[in-house]
There are 2 protein chains.
Amino acid sequence: MCAMRRPTMTDVAREVGVTAKTVSRVLNGDGPVAVETRERVMEAVRKLGYQPNLMARNMRVGARDAAIGLVIPEMGNPFFGTVAGGVESAVRARGLTLIVGNSSETAELEQSLIATFLARRVSALMVVPSAAGDHRHLRGERVAGLPIVFLDRPAVGLTADSVVSANREGAREGVAHLIAHGHRRVGFVGDVPAALYTRRERFQGYRDALEAAGLPFDRSLVETGHDQEAAAGATMRLLALDDPPTALFAGNNLASMGAVVALSRARRKDVALVGFDDLPLAECLDPPLTVVAQDPARMGATAAELVLARLDGDRSRARRTLVPTRLVVRGSGELPAPR
Amino acid sequence: MCAMRRPTMTDVAREVGVTAKTVSRVLNGDGPVAVETRERVMEAVRKLGYQPNLMARNMRVGARDAAIGLVIPEMGNPFFGTVAGGVESAVRARGLTLIVGNSSETAELEQSLIATFLARRVSALMVVPSAAGDHRHLRGERVAGLPIVFLDRPAVGLTADSVVSANREGAREGVAHLIAHGHRRVGFVGDVPAALYTRRERFQGYRDALEAAGLPFDRSLVETGHDQEAAAGATMRLLALDDPPTALFAGNNLASMGAVVALSRARRKDVALVGFDDLPLAECLDPPLTVVAQDPARMGATAAELVLARLDGDRSRARRTLVPTRLVVRGSGELPAPR
DNA sequence: TTGTAGGCGTTATCAT
DNA sequence: ATGATAACGCCTACAA
């Protein structure tokens with residue numbers, strides 16, 4: 001059980017009695033090769049269990065690794081996991097493999113992962129920026145022609161492609177839906193930090209909807225929580241106001257879950273709720289949860305197509321692609337406002 | 001915007017007026033280097049924006065890529081996503097990067113991904129086998145000393161390390177919990193194919209619990225569905241039996257969701273339910289869902305530790321590591337059996 | 001149809 | 001303390 005050296009192309013060549021180049025030709029379907037030679041080469045490949053070394057090939061051929069690097073905040077989050085899955089399927093179809101890293105939503109890890117990927121000479125970079133990220137350091141790579149696409153949130157300090165949800169439009173639609181059911185005081189449960197792109201955009205959509213309906217903006221109706229439990233607390237504070245909201249809009253999936261938990265604990269089945277981002281069991285809740293659904297798989301696939309186009313030589317200017325959202329009506333968002 | 005060549009170690013060396021090897025020594029803290037030389041080299045590195053090429057380094061140094069390959073069925077599934085996240089965190093701490101691929105639960109994609117990873121000369125391989133997988137083809141890699149760890153389900157046709165949930169024990173505990181609340185007819189909603197390792201083990205746990213309680217096994221109480229909707233149908237069939245179950249055990253998260261949906265649609269709040277694998281909103285359901293929770297993050301971390309130990313030279317025999325489950329009592333599993 | 005020479009960017013070895 | 005040379009495994013360009 002000695003860990004003997006792997007056979008190389010030269011080993012195969014020697015076995016057959018030809019040159020490495022001939023083996024290379026056979027394996028890559030490259031130049032012309034005699035039928036008999038081809039067969040003898042294939043035979044030797046099988047016999048020795050030869051597997052081409054992609055590392056060596058990549059290095060010689062493009063000085064680029066046939067891989068793309070993806071940085072996401074958290075792989076366990078189904079939203080980001082699905083995005084990553086969409087990316088993987090699309091790039092694998094082109095013979096590229098996916099390298100991923102968890103930034104845990106910290107700028108330090110994000111930078112360190114990006115540095116590692118660059119050192120590996122990935123063919124392209126895809127990043128879901130962490131909240132405190134700054135991407136000026138990537139300017140050099142951009143001008144050097146490395147395709148870089150930002151997902152879910154745009155880059156900071158860098159002009160680059162990005163693929164994001166129609167956050168503002170989606171949030172506006174969700175809040176307008178509540179207003180259409182008679183609500184005049186709609187609470188907003190958001191995440192932190194308030195400066196986060198998605199939070200800002202969705203909050204703008206909330207204000208857009210209020211303004212379009214001629215409703216005043218009331219600062220006390222805006223609360224924030226950074227995780228499910230905190231969002232539940234935020235919801236409780238809103239419900240405890242002197243003039244409480246009759247409907248709630250939750251700015252992301254954690255906020256939605258927090259709001260659902262809080263309403264459930266308070267046994268309040270009269271408060272309307274629309275959440276941004278869908279949840280697996282949304283239809284099993286009581287009442288079933290109405291949401292503004294995102295499309296993470298499409299987001300990943302769209303970003304991958306953009307990257308592939310760039311790899312194929314698309315030199316058009318950087319653009320921001322909006323992935324549409326969809327209002328999924330299930331019940332919680334249609335509870336009427338009390339008289 | 002000409003895509004100029006990246007600076008290489010030789011470029012840095014020329015800039016300073018030394019040899020590439022000297023630069024290498026500085027960067028790797030290798031041999032002895034004069035303090036002044038070191039400073040001038042670092043200066044040039046900054047000036048040129050030099051980044052070492054990991055591809056070239058890996059090729060020269062170990063003939064092994066400083067990466068580990070992970071094959072999972074579906075990245076969007078929070079269970080597998082969390083497993084992957086656990087793996088990534090653990091291996092990154094050791095300077096390894098993670099390469100992932102979606103097998104979509106098909107043996108073909110799984111094999112093709114494994115082949116790609118092997119061609120890249122990854123340092124180790126981690127695989128969540130697809131249902132129809134066969135791993136005899138990896139025997140050669142095993143004897144050659146490549147660390148291979150199987151996750152969630154063991155290898156087929158290959159003796160190798162594996163890290164799996166305590167499926168049988170967990171299922172037995174969940175079913176025993178139902179029996180302890182007076183139920184004598186407990187339905188089993190499983191996934192397909194029935195030959196799948198996790199399905200078999202959990203089903204065994206179900207039978208263990210029945211036997212321990214002296215209850216007869218009734219084949220008609222076992223139904224199957226391959227997705228949420230099918231599981232809902234399976235649940236409906238069980239409820240429509242002449243002598244229907246008063247409690248249900250769901251063999252995985254999809255089965256749980258199907259059962260929850262079916263019970264909700266049928267407005268049956270009297271049927272007890274315990275699910276295997278936790279769900280995000282389980283506590284918001286009515287009644288809140290009692291589950292046998294798995295620990296995917298721990299599973300990923302455990303597997304990663306095993307791989308790292310192997311990389312460090314651990315040559316002990318292959319072992320199967322069980323990750324314990326935990327019964328999370330929330331309400332649905334404690335509904336009493338009717339008199 | 002096949003072979004030869006050279007180089008991708010790095011590090012090991014031996015010399016100076 | 002530093003340099004020269006070769007090598008890792010493969011591919012490109014040209015020659016035979």
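Since the model is a prediction, treat every value here as computed from it, not as a measurement. Below, read A as the first sequence line, B as the second, and so on, with proteins coming before strands; counting in each chain starts at 1.
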Nearest to the side chain of [X], which nucleotide is it out of [options]?
X	options	value
P32(A)	dT1(C), dA1(D), dG3(C)	dT1(C)
T8(B)	dT10(C), dT11(C), dT2(D)	dT10(C)
Y50(B)	dT10(C), dT2(D), dT11(C)	dT10(C)
A56(A)	dC10(D), dA4(D), dA1(D)	dC10(D)

Original post:
Salt bridge check: are R310(B) and D161(B) linked by an N-O gap of less than 4.0 Å?
Top reply: yes

What is the distance from [atom1] of [X] to [atom2] of [N], rounded to the nearest Å?
X	N	atom1	atom2	value
R25(A)	dT1(C)	CZ	C1'	8 Å
K21(B)	dT16(C)	NZ	P	18 Å
N28(A)	dG9(D)	CG	P	17 Å
R6(A)	dG9(D)	CZ	P	11 Å
D30(B)	dT2(D)	CG	C1'	13 Å
R120(A)	dG9(C)	CZ	C1'	15 Å
M55(A)	dG9(D)	CE	P	9 Å
Q51(B)	dG9(C)	CD	C1'	14 Å

May I ask you to verify if any side-chain N or O of [X] is less than 4.0 angstrom from the OP1 or OP2 atom of [N]?
X	N	value
N53(B)	dC8(C)	no
T37(B)	dA1(D)	no
T22(A)	dT2(C)	no

With a 4.0 Å cut-off on heavy atoms, is [X] in touch with a base, just the backbone sugar-phosphate, or nothing at all?
X	result
N58(A)	nothing
T19(A)	base
M9(A)	sugar-phosphate

Original post:
Do R60(A) and dG7(C) have a side chain to base donor-acceptor pair shorter than 3.5 Å?
Top reply: yes

Subject >> Donor/acceptor link under 3.5 angstrom from R57(A) side chain onto base of dC10(D) >> reply: no

Determine whether a donor-acceptor pair (N or O, by modelled atom type, separation under 3.5 Å) exists between the side chain of [X] and the backbone of [Y].
X	Y	result
D314(B)	A309(B)	no
S104(B)	T106(B)	no
T302(B)	R298(B)	yes

Subject >> Residues, nucleotides or ligands: over 12 heavy atoms within 6.0 Å of R136(A) CZ >> reply: no

